[in-house]
> 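First the structure, which I've put down as structure tokens, then a few questions once you've had a look.
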2 protein chains.
Amino acid sequence: MKEQNISERLLDVATKRFATTGYNGTSLSAIATEVGIKKPSLLYHYRSKEKLRSAVLNRVFEHWNDELPRILKLATSGEDRFDGLVGEVVRFFVRDPNRARLILREMLDRPAHLRKRMDDYLGPYISILSDYIQKGVERGEVRADVQPRAYVLHVIQMVVGGIATADSLGASSIDLHMNEIVRIARSSLFIDQHRTQELQTK
Amino acid sequence: MKEQNISERLLDVATKRFATTGYNGTSLSAIATEVGIKKPSLLYHYRSKEKLRSAVLNRVFEHWNDELPRILKLATSGEDRFDGLVGEVVRFFVRDPNRARLILREMLDRPAHLRKRMDDYLGPYISILSDYIQKGVERGEVRADVQPRAYVLHVIQMVVGGIATADSLGASSIDLHMNEIVRIARSSLFIDQHRTQELQTK
DNA sequence: CCTACCGATCGGTAGG
DNA sequence: CCTACCGATCGGTAGG
């Protein structure tokens, strides 16, 4: 688990540095030095800084692509599994907040470029989730005025943004903040069944 | 309205550039050239790049500080005025999305530094809003499980993040997305009175 | 507000 | 994987 070849170690360090100090704020020599080699040796593994950037981003999106199918299987039915689903997404980014920072930075640095990548990797999953929501509306479980696609995007964004910028907010307890995000997401999606039932049995 | 001194024009251009290409991705000569002067002349107005950065951030926060008291007067009571309040915050950032991008970038680049600024400028207002929410809970208008401070922070973050990264998401219609954000914020805060009343009158 | 200039560092190449 | 080196550009200063 600890033995990695140099290409992978370069990718790890580059991910961390790009996430924390940004692409423009990170020099190739800084990355190389942290791995224990010199800049020209780095450029043998990745032929340019841009290639390194692409490699870093590709790996993050592939991680995502590996985990999302598994996560989405949790979401075959209604409210019960919703917390599990959002919880998994939260855990994915909490496990390594640099993933969130990296994506947020890329959104700011190269909007068009990232939009394409998001469409390719996440597009299908977002459509699946939107369909689930639409079915929930038809079943009467989900609020009728939800905009499915916008809802999904903003929940993802709340999670990614919340984790990426947790240090800037007074995020004393990450868990408390993530719980509140899940609560916001859930209660703005579902019609409140408990309350309905309480009142109906009166 | 069009006549500005050079210091102000430098501030405008620096704000735009820092927001779109980042602090590290913007050179002083690029800013100076766009204003029509040379780099050493810029450095007469702002003695270093860091001073320019501070000046840019100060102005954004002061804008905010000027408008927030007025906006908050809209929020003296419950659900009716909630949409107006969130709507004003949305409009503030939609009017100039670079404000949102700048703050998001600073959160990523210098978390500790921005946290202090946020506390100083926004801290009191966040406390006021948290108190409103707490009173709403006591009145039975607001969900009892809301975490007031976390709720406020994440709604702000959803707005700022959503506007800053609108280009990256498929934000075909900004209005649709902002409406969905307001809907998410409102419906996750208030107990659904309409539904309650409908059922009670049955 | 300018020209002229500084040392430092950048991404990248040559060549082994 | 290295040393040595490239032109370009960076933030900043001198001096007027």
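Hydrogens, waters and symmetry mates are skipped; everything else that's a heavy atom, side chains included, is used. Order of the sequence lines sets the chain letters (A, B, ...), proteins ahead of strands, with each chain counted from 1.
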> Would you mind checking if B:Asp131 and B:Lys135 are paired as a salt bridge, meaning a charged N to carboxylate O distance below 4.0 Å?
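Salt bridge flag = no for B:Asp131 with B:Lys135.
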
> So if I take residues 10-21 of chain A and measure heavy-atom distances to DNA chain D, which residues fall below 4.0 Å?
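Here the set is empty: none.
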
> Has B:Ser27 got a side-chain N or O lying under 4.0 Å from the OP1 or OP2 atom of D:dT9?
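For D:dT9, neither OP1 nor OP2 has a side-chain N or O of B:Ser27 closer than 4.0 Å.
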
> I'd like to know if A:Arg117 and A:Glu106 make a salt bridge, using a cut-off of under 4.0 Å between side-chain N and carboxylate O.
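Here A:Arg117 does not pair with A:Glu106 in a salt bridge, since their nearest N and O are not under 4.0 Å apart.
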
> Under a 3.5 Å limit for both distances, which nucleotide forms a Watson-Crick or G-U wobble pair with C:dG16, could you say?
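Because both required distances fall under 3.5 Å, C:dG16 counts as paired with D:dC1.
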
> Quick test of your reading of the model: are A:Asp109 and A:Arg53 salt-bridged, counting only N-O distances below 4.0 Å?
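Judged by the 4.0 Å cut-off on N to carboxylate O distance, A:Asp109 and A:Arg53 do form a salt bridge.
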
> Within 45 degrees of the axis of the six-membered ring of B:Phe92 and under 6.0 Å from its centre: does B:Arg99 put its NZ or CZ there?
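So B:Arg99 does make the cation-pi contact.
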
> Using a 3.5 Å distance criterion without hydrogens, assess whether the side chain of A:Arg105 forms a donor-acceptor pair with backbone atoms of A:Ala100.
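No; judged by distance alone, with no hydrogens or angles, the pair does not exist.
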
> Counting only heavy atoms and a strict 4.0 angstrom limit, can you tell me which residues of residues 29-53 of chain B come near DNA chain D?
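Those residues whose heavy atoms fall under 4.0 Å from DNA chain D, taken from residues 29-53 of chain B in numerical order, are B:Ser29, B:Lys39, B:Pro40, B:Leu43, B:Ser48, B:Lys49.
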
> Using a 3.5 Å distance criterion without hydrogens, assess whether the side chain of B:Lys49 forms a donor-acceptor pair with backbone atoms of B:Tyr23.
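Yes: the side chain of B:Lys49 pairs with the backbone of B:Tyr23.
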
> Under 3.5 Å, which donor-acceptor pairs do the side chains of residues 150-157 of chain A form with other protein atoms, sequence neighbours left out?
from, atom 1, to, atom 2, distance (Å)
A:Tyr151, OH, A:Ala185, O, 2.6
A:His154, NE2, B:His177, ND1, 3.0
A:Gln157, OE1, B:Gly162, N, 3.4

> Do the ring centers of B:Tyr125 and B:Trp64 come within less than 6.0 Å of each other?
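No, they do not, as the ring centres are separated by 6.0 Å or more.
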
